[in-house]
Enquirer: 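Provided herewith is a single structure, encoded as structure tokens, for subsequent inquiry.
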Amino acid sequence: MSKPELWVIAERRLDHIEPTTQQLITKAKGLAGDHFKTVVILLEATNDHLEDELKAYGPDEIRVVRDDRFPTATDAEHADALEQLVTKYQPNSILFGATITGRSIAPRLQAKLRTGLTADCLDLRFDDDTLVATKPSYGDNIMCEIICPDHRPQMATVRPNTFVANTAEGAATVTTDTITFHPVDRLQVKAATPVVNTATTVGDASRVVALGRGAASAATIDTATQLAEKFGGRIGVSRPLTDQERFNHDDQIGQSGNTIHPELILTFGVSGAVQFLVGMQDSQTIVAVNSDKDAPIFDVADYGYVGDAQAFMSALLAQFV
Ligand SMILES: Cc1cc2nc3c(=O)[nH]c(=O)nc-3n(C[C@H](O)[C@H](O)[C@H](O)COP(=O)(O)OP(=O)(O)OC[C@H]3O[C@@H](n4cnc5c(N)ncnc54)[C@H](O)[C@@H]3O)c2cc1C
């Protein structure tokens, strides 16, 4: 019999919390309602205080386990520690970020617990106490809702940036717990060298100029680039444009690209296929320019203009001179 606890497994990135953790806390609080307690599980070194980066997001409890081996522990050692906590507390459900680390630890834990794990989810909801996890399936062509009716805990990994992190009222209780650290000798982390990655993806930008097949000429892309510079934003593209040499997967918005929530997105010549919309429809303000008045992008747009992308861009750019 599981307890009504919904867990988020906190992930460390260098000396900070990986932002997907905060996004998952906000989502978990929304899912929990009055029925579940949201608990963040944090494995950290004795002198770490990563819980300080989590409190503001308002989980009911942050359960901390401290051991100086955690920062360099292997994924197998993390999974072993988590198994001990799950056995002790019997949570109803556990959420991980679908990051490289989350994708490695979650299935190890799932195999130990002999339960179900839905990977790379794009949405979550509860049907009573059954977690309904939505994920793209069959070559990403359909969205499947997957449940694990017979086993607990229910587990899911969630794609980064699928949900927005919001700070919340209420003080989280911080508790400490212990486990027995079982070293996995056949695998040892000898050193950890941070990879300095200065590359950004469209997911990092707060303002985005998004181009689709109706705005794909070299001249239009040049105008869009100037516009993005004026806005202090970044170019993003629909999938067809990743065929062009100047764009790649880091620039792609959508189901098989990046999920983004910028404060402003201007879309030009994008039809609004569901695979594109799922990656940007939660943007704060959406402006759409399309020559087809019936294009589905207008269904999600706050402001729409029916007409030529290049003409609109040039007119907008002229306002900055
Ligand atoms: C498994 C799978 C995963 C996918 N993942 C993604 C994904 O992550 N991201 C993604 O984007 N797509 C994805 N797709 C593809 C998606 O289905 C669409 O084909 C794609 O989004 C269409 O891109 P588009 O809107 O640029 O092009 P189109 O659908 O061809 O639309 C072009 C638009 O431009 C308008 N237009 C034409 N000329 C002008 C002009 N001069 N001025 C203004 N407007 C003009 C047209 O009216 C039209 O609406 C995926 C598909 C599959 C099957």
Side-chain angles (χ1 to χ4, degrees), residues 98 118-123 133-146 157-163 200-205 207-228 231 233-262 264-283 286-318:
T118 308
D120 208 21
C121 299
L122 291 177
D123 204 3
T134 304
K135 66 163 287 171
S137 301
Y138 295 104
D140 281 2
N141 282 305
I142 58 168
M143 290 288 180
C144 278
E145 288 193 330
I146 296 181
T157 65
V158 178
R159 197 181 287 189
N161 293 328
T162 297
F163 305 120
T200 56
T201 72
V202 69
D204 301 322
R207 294 170 188 184
V208 173
V209 175
L211 305 178
R213 196 152 27 199
S217 72
T220 305
I221 296 169
D222 287 343
T223 312
T225 306
Q226 291 174 47
L227 193 60
F231 271 114
R234 195 185 191 288
I235 298 279
V237 295
S238 65
R239 190 158 89 170
L241 271 76
T242 57
D243 292 339
Q244 296 202 12
E245 224 169 70
R246 56 201 287 184
F247 298 118
N248 61 41
H249 185 259
D250 285 345
D251 306 309
Q252 185 185 321
I253 298 163
Q255 179 180 312
S256 49
N258 292 278
T259 304
I260 64 172
H261 308 281
L264 174 66
I265 180 168
L266 301 151
T267 74
F268 294 97
V270 175
S271 59
V274 66
Q275 294 91 353
F276 179 86
L277 296 183
V278 78
M280 51 66 73
Q281 61 197 356
D282 292 329
S283 304
I286 301 173
V287 180
V289 178
N290 194 303
S291 52
D292 174 5
K293 70 173 176 40
D294 297 321
I297 191 74
F298 289 126
D299 295 341
V300 300
D302 300 292
Y303 303 95
Y305 175 78
V306 179
D308 180 58
Q310 170 75 49
F312 186 95
M313 260 185 230
S314 301
L316 189 56
L317 199 55

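These values consider heavy atoms only, across backbone and side chains, with no hydrogens, waters or symmetry-generated copies. First listed ligand is number 1; within each ligand, the first listed atom is number 1.
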Enquirer: Would you check if I253 and T267 make a side-chain contact, meaning some heavy-atom pair closer than 4.5 Å?
Expert: no
Enquirer: For ligand 1, which atoms have a heavy atom of A273 less than 4.0 angstrom away?
Expert: 16 (C), 17 (O), 18 (C), 21 (O)
Enquirer: Which residue and atom name correspond to the protein heavy atom nearest atom 15 (C) of ligand 1, and how close is it?
Expert: R239 NE, 4.1 Å
Enquirer: Select one of side chain, backbone, both or neither to describe which atoms of P240 lie under 4.0 Å from any atom of ligand 1, heavy atoms only.
Expert: side chain
Enquirer: What's the separation between atom OG in S291 and atom OH in Y305, rounded to the nearest 0.5 Å?
Expert: 10.5 Å
Enquirer: Would S291 count as a contact residue for ligand 1, given that I'm defining contact as a non-hydrogen atom of the residue lying under 4.0 Å from a ligand atom?
Expert: yes
Enquirer: Can you find a pair of side-chain heavy atoms, one from H249 and one from T242, that are under 4.5 Å apart?
Expert: no
Enquirer: A side-chain contact here means heavy atoms from C-beta on lying under 4.5 Å apart; do I297 and L277 qualify?
Expert: yes
Enquirer: Where the closest heavy atom to atom 41 (N) of ligand 1 is concerned, which of D308, N258, L277, V289 has it?
Expert: D308
Enquirer: For atom 40 (C) of ligand 1, which protein heavy atom lies nearest, and how many Å away is it?
Expert: G214 O, 3.4 Å
Enquirer: Any N/O of A309 closer than 3.5 Å to an N/O of ligand 1?
Expert: yes
Enquirer: I'd like the name of whichever of A295, A215, S271 reaches closest to atom 25 (O) of ligand 1 through any heavy atom.
Expert: S271
Enquirer: For N290 and D292, indicate whether the former's side chain and the latter's backbone hold a donor-acceptor pair under 3.5 Å.
Expert: yes
Enquirer: Can you pull out the closest protein heavy atom to atom 53 (C) of ligand 1? Residue, atom name and distance to 0.1 Å, please.
Expert: N141 OD1, 3.3 Å
Enquirer: Taking only heavy atoms of G257 into account, list the atoms of ligand 1 that are under 4.0 Å away from them.
Expert: 8 (O)
Enquirer: What's the shortest distance from atom 26 (O) of ligand 1 to any protein heavy atom, and which residue and atom give it?
Expert: S238 OG, 2.5 Å
Enquirer: Give a yes or no on whether the backbone of D250 and the side-chain of N258 come within a donor-acceptor separation of less than 3.5 Å.
Expert: yes
Enquirer: Under 4.0 Å from any heavy atom of Q255, which atoms of ligand 1 are there?
Expert: 7 (C), 8 (O)
Enquirer: So is P136 in contact with ligand 1, going by heavy-atom distances below 4.0 Å?
Expert: no
Enquirer: Nearest to atom 33 (C) of ligand 1, what protein heavy atom do you find, and at what distance?
Expert: G269 O, 3.3 Å
Enquirer: Could you check if a side-chain atom of F231 sits within less than 4.5 angstrom of a side-chain atom of L316, using non-hydrogen atoms only?
Expert: yes
Enquirer: Note the single closest protein heavy atom to atom 30 (O) of ligand 1, along with its residue, its atom name and the distance in Å.
Expert: R213 NE, 3.0 Å
Enquirer: Which of these, V289, V287, L266, I286, sits in a side chain to side chain contact (heavy atoms under 4.5 Å, CB included) with Y303?
Expert: V287
Enquirer: Looking at L122, I142, V278, which one forms a side chain to side chain contact (heavy atoms under 4.5 Å, CB included) with P136?
Expert: L122
Enquirer: Given the protein's heavy atoms, is any one of them under 4.0 Å from atom 5 (N) of ligand 1?
Expert: yes
Enquirer: Which atoms of ligand 1 are found less than 4.0 Å from any heavy atom of G307?
Expert: 42 (N), 43 (C)
Enquirer: Is T157 reaching over with its side chain to a backbone N or O of D120, donor-acceptor style, under 3.5 angstrom?
Expert: yes
Enquirer: Counting each atom of ligand 1 from 1 as listed, which ones have a heavy atom of V270 under 4.0 Å away?
Expert: 25 (O)
Enquirer: Would you mind running through ligand 1 and noting each atom that sits below 4.0 Å from a heavy atom of G212?
Expert: 26 (O)
Enquirer: For a quick test of your reading: what N or O donor-acceptor pairs under 3.5 Å do the side chains of residues 219-228 make, sequence neighbours left out?
Expert:
unit_1: T220; atom_1: OG1; unit_2: S217; atom_2: OG; d: 2.8
unit_1: T220; atom_1: OG1; unit_2: Q310; atom_2: OE1; d: 2.8
unit_1: D222; atom_1: OD1; unit_2: R246; atom_2: NH2; d: 3.3
unit_1: T223; atom_1: OG1; unit_2: A219; atom_2: O; d: 2.9
unit_1: T223; atom_1: OG1; unit_2: Q310; atom_2: NE2; d: 3.1
unit_1: T225; atom_1: OG1; unit_2: I221; atom_2: O; d: 2.7

Enquirer: Within a distance under 4.0 Å of any heavy atom of Q252, pick out the atoms of ligand 1 and give their elements.
Expert: 6 (C), 7 (C), 8 (O), 9 (N)
Enquirer: Please report the interatomic distance NE2(H261) to CG(N161), rounded to the nearest 0.5 Å.
Expert: 5.5 Å
Enquirer: Have a look at D292, I253, N290 and point out the one with the heavy atom closest to atom 46 (C) of ligand 1.
Expert: N290
Enquirer: Among all protein non-hydrogen atoms, which one is nearest to atom 17 (O) of ligand 1, and what is the separation to 0.1 Å?
Expert: Q275 OE1, 2.8 Å
Enquirer: Are M143 and Q255 side-chain neighbours, meaning at least one heavy-atom pair lies under 4.5 Å?
Expert: yes
